[in-house]
Amino acid sequence: MQPRTTALIVAAGSGTRAGGDIPKQYAPIAGKAVLAHAIDALAAHPRVDEIRVVIGAGQEQLYADAIGARMIAVPVIGGVTRRESVANGLAATRSDQILIHDAARPFLPGDVVDRLLAALEQAPGAVPVLPVADTLAEVGDDLGPNVPRERLARVQTPQAFRTDAIRAAHAAWDAGKEATDDAQIARAAGLTVKTVEGSPALDKLTFPADFAAAEQRLAAAMVSRTALGFDVHGFTEGDGLWIGGIRIPHSRALAGHSDADVGLHALTDALLGTIGDGDIGTHFPPSDPRWRGAASHLFLAHARGLIAARGGRIDHVDLTIICEEPKVGPHRAAIRARIAELLGLTETKISIKATTTERLGFTGRREGVAAQAAATVRLPETE
Ligand code: CTP
Ligand code: MG
């Protein structure tokens, strides 16, 4: 039988060097918390059976916001130092082997985990390492002597251990001393720690500039998807209608279960299409009385949230309103500004167009208004 493996993610730090309003592990990269990236990477590995997260006291709400709907065991509360946080996590772990990982390393290639678990069959510990490329030297006020780099390596996480062995090593460690990783603690207890090839993707987010680089790394790995949306609403009696989030005074209204905003409906369907997540009726069934007369910006906000939750970003939306009446042109700028606001985008990413159908067809006969939309989003590549 294969040994049971827990991934223990330490996320109890305060992220002092990274600055920012909230600790770095809860800050978003491409709309998704750093911690959530780390969790998803580990959860995606077939050999990881369980995920435990160690958080700081008082970080409960940040944690809940970061994990969203992910099903994860109740978090463990960490300590003042990383070492104490790991020790608390180890006390809550029953698995045969453990991958101890920094939340601040959001990008974890699966092959690193493959190599670690293979090495763990030969020794009680294994860590990912990378060679040092730069010249290394001691520094005081001025440059001191060089340090030979051939025998040096950068040590990353996750670090893999047999759980009993690392737990005993932590227990034996002199609590008066600090350790920045667990391999150090393992070696002090006499455990053999194998090295496997690490990955540049695993670099820790430590300073503010690391976040911009992480955004770029993710953007480069994203795939672009475009989808269409279409909607029609017929005229009824009334004194105005909603198009693209704007109320337009008119001699008639549009009929519909919600506010019948044909423009926002087409746009919402286009956005849902980019993530292959059904259509507006799937999420807001017309049979549900809750959506009677509902303001359609709620539907758009929902689609925007679903894309953000997948780590996606909206690159561009394009909306065409098709009708003989009312005249949309005078409202085009207001619609564009409103949709930009609803999607949290600059107006340069929003295109609003209007056309008639030369008096042909149902829109030409002034029976209603149609709208079609296209949306382009970038999403993290999942497989
Ligand atoms: N960590 C932890 N408990 C602590 C300190 C750190 O769980 N008491 C975690 C951090 O959340 C991070 C990892 O250990 O995921 C690596 O630590 P580091 O990069 O030093 O993070 P911080 O301590 O949060 O940052 P800083 O040192 O800049 O304050
Ligand atoms: Mg620290």
Side-chain angles (χ1 to χ4, degrees), residues 6-29 32-43 48 51-67 70 72-93 98-108 112-113 116 127-130 154-161 163 166-167 169-170 173-186 198-214 217:
T6 291
L8 180 67
I9 305 177
V10 282
S14 54
T16 316
R17 285 170 291 173
D21 303 334
I22 56 173
K24 60 186 177 183
Q25 62 273 31
Y26 303 112
I29 295 178
K32 178 165 131 181
V34 169
L35 170 62
H37 284 284
I39 289 174
D40 290 348
L42 282 159
V48 171
I51 291 181
R52 296 304 303 257
V53 182
V54 183
I55 66 169
Q59 295 178 347
E60 289 81 359
Q61 189 57 50
L62 287 168
Y63 171 76
D65 292 344
I67 66 159
R70 292 172 183 80
I72 299 175
V74 181
V76 177
I77 300 299
V80 175
T81 64
R82 183 189 184 282
R83 180 182 61 77
E84 287 168 330
S85 295
V86 172
N88 292 359
L90 286 171
T93 307
I98 192 159
L99 292 159
I100 305 176
H101 189 46
D102 292 335
R105 301 179 194 265
F107 310 125
L108 168 57
V112 175
V113 174
L116 287 167
V127 295
V129 299
L130 283 183
R154 295 162 51 202
V155 182
Q156 304 180 310
T157 82
Q159 300 189 344
F161 301 98
T163 310
I166 191 66
R167 195 184 285 116
H170 266 264
W173 178 262
D174 173 0
K177 287 197 300 179
E178 266 330 312
T180 53
D181 76 346
D182 302 287
Q184 211 176 323
I185 293 171
S199 166
L202 271 172
D203 282 350
K204 187 158 67 78
L205 305 186
T206 305
F207 301 106
D210 297 341
F211 283 78
R217 177 187 291 278

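Counting starts at 1 for both ligands and their atoms, following the listed order.
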K.L.:
Would you please name every residue forming a ring pair (Phe, Tyr, Trp, His ring centres under 6.0 Å) with His101, sequence neighbours left out?
P.N.:
none

K.L.:
If the criterion is any heavy atom closer than 4.0 Å to an atom of ligand 1, which residues make the list?
P.N.:
Val10, Ala11, Ala12, Gly13, Ser14, Gly15, Thr16, Arg17, Lys24, Gln25, Gly79, Val80, Thr81, Arg82, Ser85, Asp102, Ala103, Ala104, Lys204

K.L.:
Taking all atoms of both residues into account, what is the closest heavy-atom pair of Ala103 and Leu35, and its distance?
P.N.:
CB-CD1, 3.9 Å

K.L.:
Any donor-acceptor pair under 3.5 Å linking the side-chain atoms of Glu84 with those of Asn88?
P.N.:
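No, because no side-chain N or O of Asn88 sits under 3.5 Å from a partner of the opposite role on Glu84.
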
K.L.:
Which atom pairs, one a donor and one an acceptor, fall under 3.5 Å between side chains of residues 9-21 and the rest of the protein, sequence neighbours left out?
P.N.:
residue	atom	partner	partner atom	Å
Ser14	OG	Thr16	OG1	3.2

K.L.:
Can you measure from OG1 (Thr180) to NZ (Lys204) and round to the nearest 0.5 angstrom?
P.N.:
8.5 Å

K.L.:
Applying ring pair (Phe, Tyr, Trp, His ring centres under 6.0 Å), name anything that partners Phe107, two or more places apart in sequence or on another chain.
P.N.:
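Ring pair (Phe, Tyr, Trp, His ring centres under 6.0 Å) list for Phe107, sorted by chain: His37.
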
